[in-house]
Number of protein chains: 2
Amino acid sequence: MSAVLPVIDTAASACCSPITGGVMDADEASTLAATFKAMGDPTRLRLLSMVAASDNGEACVCDLNELLDLSQGTVSHHLGQLVKAGLLTRTKRGTWSYYALVPGALPALADTLRV
Amino acid sequence: MSAVLPVIDTAASACCSPITGGVMDADEASTLAATFKAMGDPTRLRLLSMVAASDNGEACVCDLNELLDLSQGTVSHHLGQLVKAGLLTRTKRGTWSYYALVPGALPALADTLRV
DNA sequence: CGTATTCATTGACATCTGTCGATGGATTAC
DNA sequence: GTAATCCATCGACAGATGTCAATGAATACG
């Protein structure tokens, strides 16, 4: 039987060659580095964990904003970064914006760190 | 005799609570973010892969410097960042500095990304 | 309608970061 | 000892980044 590979077509999925799988070329390194860079900020890491921990796996900015001692504009900026990095999705319902983890994005990133 | 210092209190060893394991507090987020930040640069990612791919799992700056189109000072700077982040070790033998992966550092980081 | 709420975007600002060239210390080779 | 090699560190600089306050667009509510 052949293995079925779930295809996740995000920025995160593009960086799947493990770090320890030989010398990386510049392009691959840039792509993967962009994702790690998005996670290289405490606020964004907390946002990720808050989204992951919220009910239904999604949270709106109003909830996130209260827990962080930052202006609304700053939080929105960080959320935008995470979306751009392919780690979060944004869904607008009415006045609210709901953010959720991109399925498989974090595990795909974890795979690049496997030995 | 000098005192024995067996404790490796690096950033990598401290970040073991998974991102999806509940809302992270600020301290934990800062510690983990520092490690991801160190990996958020293409050059440093390439350096990691080059060290991992080299014989005996270690490489000297002279080798690394040739493959990257950067000045020696810049490469040394990046290597210092990776050491500071707890991802590489530095061993000086004679005139040469050899860098190697900190055992378990990358897998520990991968664990923080598990769902 | 008008007002309030939610949130992305903009402009401004201080700080951090990546890069280089130069310097200097340590070690090896002659 | 002198010269050469290896490499960390320093000073400088342009560009990126995190933050805020203010603005504006879209929607909901009266």
Side-chain angles (χ1 to χ4, degrees), chain A residues 24 26-27 29-48 50-51 54 56 58-85 87-100, chain B residues 11 24 26-27 29-48 50-51 54 56 58-100:
Chain A
M24 299 180 73
D27 282 349
S30 290
T31 305
L32 186 52
T35 307
F36 282 124
K37 191 183 216 171
M39 306 190 62
D41 179 276
T43 299
R44 289 196 287 268
L45 238 34
R46 297 188 75 191
L47 284 171
L48 282 178
M50 290 160 81
V51 169
S54 53
N56 302 329
E58 62 178 14
C60 71
V61 182
C62 53
D63 294 336
L64 301 171
N65 202 15
E66 281 189 359
L67 291 175
L68 301 171
D69 200 18
L70 292 170
S71 75
Q72 176 267 321
T74 299
V75 173
S76 185
H77 165 69
H78 284 304
L79 288 168
Q81 299 271 105
L82 291 170
V83 169
K84 191 168 130 194
L87 297 172
L88 289 184
T89 59
R90 186 170 83 99
T91 308
K92 218 167 148 100
R93 283 203 299 273
T95 315
W96 290 268
S97 281
Y98 291 90
Y99 287 88
Chain B
M24 300 180 72
D27 281 350
S30 290
T31 305
L32 186 52
T35 307
F36 282 125
K37 191 182 213 172
M39 305 191 63
D41 180 274
T43 298
R44 290 196 287 269
L45 238 33
R46 298 188 75 190
L47 284 171
L48 282 177
M50 290 160 81
V51 168
S54 53
N56 301 329
E58 61 178 15
C60 71
V61 181
C62 53
D63 294 334
L64 301 171
N65 202 16
E66 280 189 0
L67 291 175
L68 300 172
D69 200 18
L70 292 170
S71 74
Q72 176 267 320
T74 298
V75 173
S76 186
H77 164 69
H78 284 304
L79 288 168
Q81 299 271 105
L82 291 170
V83 170
K84 190 168 133 198
L87 298 171
L88 289 184
T89 59
R90 186 170 82 98
T91 308
K92 222 172 144 101
R93 282 202 301 273
T95 315
W96 292 267
S97 281
Y98 291 90
Y99 288 87

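Reminder, nothing fancy here: chain letters follow the sequence lines and each chain counts from 1. Owing to the predicted nature of the structure, the values given are computational and were not obtained by experimental measurement.
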Undergrad: Got a sec, which residues hit side chain to side chain donor-acceptor pair (under 3.5 Å) with Ser54(B), two or more places apart in sequence or on another chain?
TA: none

Undergrad: In whole angstrom, give the distance that lies between atom CD of Gln81(B) and atom P of dA8(D).
TA: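 That distance rounds to 13 Å.
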
Undergrad: Could you list the residues that satisfy side chain to side chain contact (heavy atoms under 4.5 Å, CB included) with Ala100(A), not counting sequence neighbours?
TA: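 By the side chain to side chain contact (heavy atoms under 4.5 Å, CB included) rule, Ala100(A) matches Glu58(A), Thr89(A).
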
Undergrad: Using whole Å, report how far CG of Leu47(B) lies from P of dA8(D).
TA: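 One finds 12 Å between P of dA8(D) and CG of Leu47(B), rounded.
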
Undergrad: Any base atoms under 4.0 Å from Asp41(B), or only sugar-phosphate, or nothing? Heavy atoms, all strands.
TA: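 Sugar-phosphate only.
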
Undergrad: For DNA chain C, which nucleotides open and close the run of contacts to chain B, 5' to 3', at under 4.0 angstrom from a non-hydrogen atom?
TA: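 Listed 5' to 3', the contact boundaries are dT17(C) to dT28(C).
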
Undergrad: For residues 67-83 of chain B, which side-chain N or O atoms pair as donor and acceptor with protein atoms under 3.5 Å away, sequence neighbours left out?
TA:
{"residue": "Ser71(B)", "atom": "OG", "partner": "Thr74(B)", "partner atom": "N", "Å": "3.3"}
{"residue": "Ser71(B)", "atom": "OG", "partner": "Thr74(B)", "partner atom": "OG1", "Å": "3.0"}
{"residue": "His78(B)", "atom": "ND1", "partner": "Arg44(B)", "partner atom": "NH1", "Å": "3.1"}

Undergrad: Here's a test of your reading of the structure: between Tyr99(B) and Gly94(A), which maps to the more 5' nucleotide of DNA chain D?
TA: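 That would be Tyr99(B).
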
Undergrad: Do Leu47(B) and Thr43(B) make a side-chain contact, defined as non-hydrogen atoms from C-beta onward lying under 4.5 Å apart?
TA: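 Contact flag for Leu47(B)/Thr43(B) side chains = yes.
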
Undergrad: Quick one: is Lys92(B) getting a side-chain N or O under 4.0 Å of the dC6(D) phosphate, OP1 or OP2?
TA: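 Lys92(B) to dC6(D) OP1/OP2: no side-chain N or O under 4.0 Å.
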
Undergrad: With heavy atoms under 4.0 Å as the rule, sort Arg44(B) into base, sugar-phosphate or nothing.
TA: sugar-phosphate

Undergrad: Please enumerate all residues that pass side chain to side chain contact (heavy atoms under 4.5 Å, CB included) together with Ala34(A), with sequence neighbours excluded.
TA: none

Undergrad: Roughly how many Å is it from OH in Tyr98(B) to P in dA8(D), rounded to a whole number?
TA: 13 Å

Undergrad: For Arg93(B) and dA8(D), what is the distance between atoms CZ and P respectively, to the nearest whole Å?
TA: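 Rounded to the whole Å, the gap is 14 Å.
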
Undergrad: Whole-Å distance between dT17(D) P and Leu79(A) CG?
TA: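 Leu79(A) atom CG is separated from dT17(D) atom P by 17 Å.
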
Undergrad: dT19(D), dA28(D), dC7(D): which one has an atom nearest the side-chain heavy atoms of Thr95(A)?
TA: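 The answer is dA28(D), which lies nearest to the side chain.
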
Undergrad: Could you tell me if the side chain of Leu48(B) sits less than 4.5 Å from the side chain of Met50(B), heavy atoms only?
TA: no

Undergrad: Mind listing the residues from residues 69-77 of chain A sitting with a heavy atom below 4.0 Å of DNA chain D? Number order is fine.
TA: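 Output list: Leu70(A), Ser71(A), Thr74(A), His77(A).
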
Undergrad: Measure the NZ-OG1 distance between Lys92(B) and Thr95(B) for me, rounded to the nearest 0.5 Å.
TA: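 Reported value, rounded in 0.5 Å steps: 7.5 Å.
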
Undergrad: Does Arg93(A) make a cation-pi contact with Tyr98(A) (under 6.0 Å, within 45 degrees of the axis)?
TA: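 Yes, Arg93(A) and Tyr98(A) form such a contact.
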
Undergrad: Are any of the side-chain heavy atoms of Tyr99(B) and Val61(B) separated by less than 4.5 Å?
TA: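 Yes, at least one pair of side-chain atoms sits under 4.5 Å.
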
